[in-house]
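Lettering follows sequence order; numbering is per chain, from 1. Not measured: the values here are computed from a predicted model.
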Amino acid sequence: MSRSMGFNSSKRRHEPRESRSTLIMGQWKRTHTCGELRASDAGKTVTLCGWVHAYRDHGGLVFIDLRDRYGITQIVFDPAAGREMHALARELRSEWVVSVTGLVSKRPEGTRNPKLATGEIEVRAKHLEVLNRADTPPFEIASDEPVNEEVRLRFRYLDLRRPLMQQVLLLRHRLNKIVHRYFDELGFIEVETPMLGRSTPEGARDYLVPSRLHHGCWYALPQSPQLYKQILMVAGLDRYYQIARCLRDEDLRADRQPEFTQLDLEMSFVDMNDVIEVVEGFLARVFGELLGYQINLPLPRLSYPEVMRKYGCDKPDLRFGMEIQDVTDLVLQTEFRVFRQALEQGDIVRGLCAPQAAERYSRKRLEELEEFAKRYGAKGLAWLRVETEKLSSPIEKFFPGSVQQALRERFRASPGDVLFFVADSEEIVCDTLAALRNHLAAELGLIQPGQFALAWVIDFPLLVWDKEENRWVANHHPFTSPKEEDLPRLESEPGSVRAKAYDLIVNGYELGGGSIRIHRPDVQQRVFSMIGLNEEQAQKRFGFLLDALRFGAPPHGGIALGLDRLVMLLAGLHSIRDCIAFPKTQRAQDLMTGAPAPVDIKQLKELGLA
RNA sequence: GGGGGCGUAGCUCAAUUGGUCAGAGUGCCGGACUGUCGAUCCGGAGGUUGCGGGUUCGAGUCCCGUCGCCCUCGCCA
């Protein structure tokens, strides 16, 4: 049996060592993968292993597309090459696992398949070994036809067998490799932090683990390695990174799983610019190496007040414009009572201009948009079609010509556009228009696939008022440093204090967030105090951090990036479930394993829970 | 917890207003075929329309409940 260069010399190292028993079992071990044979290999005798991707039985000749992770190779079974083998080949079915030994041959003229990397050749089988039969799969592995996610998750091993899913996992692997290479080059060291930690107040709901040795006491699974990485800075590690699994017991979304992965990092003796620079370098390399996509550095930095005014949310999709404009001043010059009354209550009126939307949105469709707006708390959605001479709408008559002209100019509107307005509290106006903006952009096709808009959002408020709890809460987390110049106002005007925090946004997703941390115990104490943690409570919950800060904490800061979301964006997917090998459903169940599940009463007794 | 969408054959979907509507494609099974690669051709099997009630002469279709999946608001420092 001839041996090839490629697979044996380089890739073979990564394969498990062959054991004595497998050698005895038969001559089935592969010499090549299904993705590597080329015309230059013609004449070699090879053995391939894989799954039957497709079979085409011509009665005489039988063709098999044999698939493994590396590709697909066509196998030809000729009755002349052995009647027994040919008969066995006719029994093959989808997803059977086989080993084929045969001669690599250039395909006859006119039968080459340009769709396959191996399409120049085929393997003329001399020996066929069925390694395992397979039940008929519940869905077709070989097809690109979309399949109900429920079925995919239940049979995840089949779903992951599909080439598309394997590409995503490979992409994720390559991203992880870049992470390790890049941060190692910059002097970061990887430190693993505990999964079993202590529950801390604030933040997401914890997943709890009961202690067998301390009945009544519980570990919390980490929401993030936040505290540990700060401790590592106090310890003098200087630069830390980790690909860290994080767990939060909150409701799920397309971009939120109960366990997810963060690229977590922390640096000492740095300010915001240092962290941003490191991350930008990383992103440039990731997009460059994985997609051949060049991102322009430095990334834009937008202030929180600016994005809220222009886009209504703190993670706007910047792949399109459609900026929100305030028109409160113009509405004051109209007779439109709905708006005027709103203004009298202290509400505001803002709107946006949907380019060339008039044709797409009939009266009925516009009413649907109003329903959409109401879901975000808006009482209504006013609209005006932009025509060549005038604006057209049931409420047009309330708008004097001068106001119509001013609206046109403010939105730089062209005939065919539609103006939308919401009058309400600033919060509802922002929520509604932000959602509407994304909705319209998708429906109007304003987003080009393969395009990426990355930016930083900075100048977040340090604290926000929690109406339900009737207190200030940390906007980012309680260890985020206030800006020095705002520090004097911490107690007098808490809402005006800006944080040294930064979010990385990509295509409307929050890809990451970080901050410069508080490194002085007195400042930390003041922030705790502002969010309603007295010294005793703070000492009880975060005492170890406060203690650490007293023993010489360097100024430090860092960031965490959502790795699943990054993969999702790189792969052009719309759900992080598609880039996690074994994700959970919206109700946090694993349809394959059945987790979560009841446990034996014996286990509960050991834990003191029964 | 709230709002919305979906649930019909293994898979993807269709079935006017409640009335030959239990259908197609694909897969599956059997047969034919020596150059296919979305093979082709012939034949066949396969459904308690998620589940449980109700309305009706009659329900895939309407109503109520329930289960599951998805999107979303709240929530996620």
Checking contacts here: which listed nucleotide (B:U72, B:G68, B:U36) is nearest the side-chain heavy atoms of A:Gln74? B:U36

Taking for each residue the nucleotide of RNA chain B bearing the nearest heavy atom, is the 5' side occupied by A:Gly59 or by A:Val147? A:Val147

From the list B:G68, B:G10, B:A39, which nucleotide is the closest neighbour of the side chain of A:Glu150? B:G68

Return no unless some side-chain N or O of A:Thr585 is found under 4.0 Å from OP1 or OP2 of B:C69. yes

Within the 6.0 Å centroid threshold, strictly below: A:Phe528 and A:Phe542: yes

Please tell me which of A:Tyr55 and A:Pro478 maps to the more 5' nucleotide of RNA chain B, matching each residue to the nucleotide holding its nearest heavy atom. A:Tyr55

Please confirm whether the shortest side-chain N or O distance from A:Arg93 to OP1 or OP2 of B:G30 is below 4.0 Å. yes

Provide the distance between the two C1' atoms, one in B:U49 and one in B:G10, to the nearest whole Å. 16 Å

Where the side chain of A:Arg253 is defined as all heavy atoms beyond and including C-beta, which of B:C75, B:C69, B:G38 is the nearest nucleotide? B:C75

Between B:G68, B:C70, B:G10, which nucleotide gets closest to the side-chain atoms of A:Pro138? B:G10

Describe the nucleic acid contact of A:Arg577 in one word from base, sugar-phosphate, nothing, applying a heavy-atom distance below 4.0 Å. sugar-phosphate

Below 3.5 Å, does any donor atom in the side chain of A:Asn148 face an acceptor in the base of B:G7, or the other way round? no

Has A:Lys374 got a side-chain N or O lying under 4.0 Å from the OP1 or OP2 atom of B:G3? no

A:Lys229 with A:Asp264: basic N within carboxylate O range, under 4.0 Å: yes

Taking atom types as they are modelled, would you say the side chain of A:Asn113 forms a donor-acceptor pair with the base of B:C37 within the 3.5 Å cutoff? yes

Checking all strands, does A:Arg375 fall into the base, sugar-phosphate, or nothing category for heavy-atom contacts under 4.0 angstrom? nothing

Candidates B:G74, B:G27, B:U36 - which lies nearest the side chain of A:Arg56: B:U36

Measuring from the side chain of A:His58 (C-beta onward, heavy atoms only), which nucleotide among B:G74, B:G35, B:C76 has the closest atom? B:G35

Of the options B:C33, B:C28, B:C70, whose atoms approach the side-chain atoms of A:Ser94 most closely? B:C28

Would you state whether a donor and an acceptor, one from the side chain of A:Arg107 and one from the base of B:C37, lie under 3.5 Å apart? yes

For the side chain of A:Thr111, counting heavy atoms from C-beta on, which of B:G1, B:C69, B:G35 is nearest? B:G35

Looking only at the side chain of A:Tyr376 (C-beta and beyond, no hydrogens), which of the listed nucleotides B:C75, B:G35, B:C73 gets closest? B:C73

Using a cut-off of less than 4.0 Å, is there contact between a side-chain N or O of A:Gln586 and OP1 or OP2 of B:C71? yes

Considering Watson-Crick and G-U wobble pairs with both distances under 3.5 Å, what does B:C51 pair with? B:G65

For side-chain hydrogen bond (donor to acceptor under 3.5 Å, both in side chains), just list the numbers for A:Gln74 and A:Arg56, CA-CA rounded to whole Å, side-chain angles, deciding distance to a tenth of an Å, and then say yes or no. CA-CA 10 Å; A:Gln74 173 164 283; A:Arg56 295 177 290 278; 2.9 Å; yes

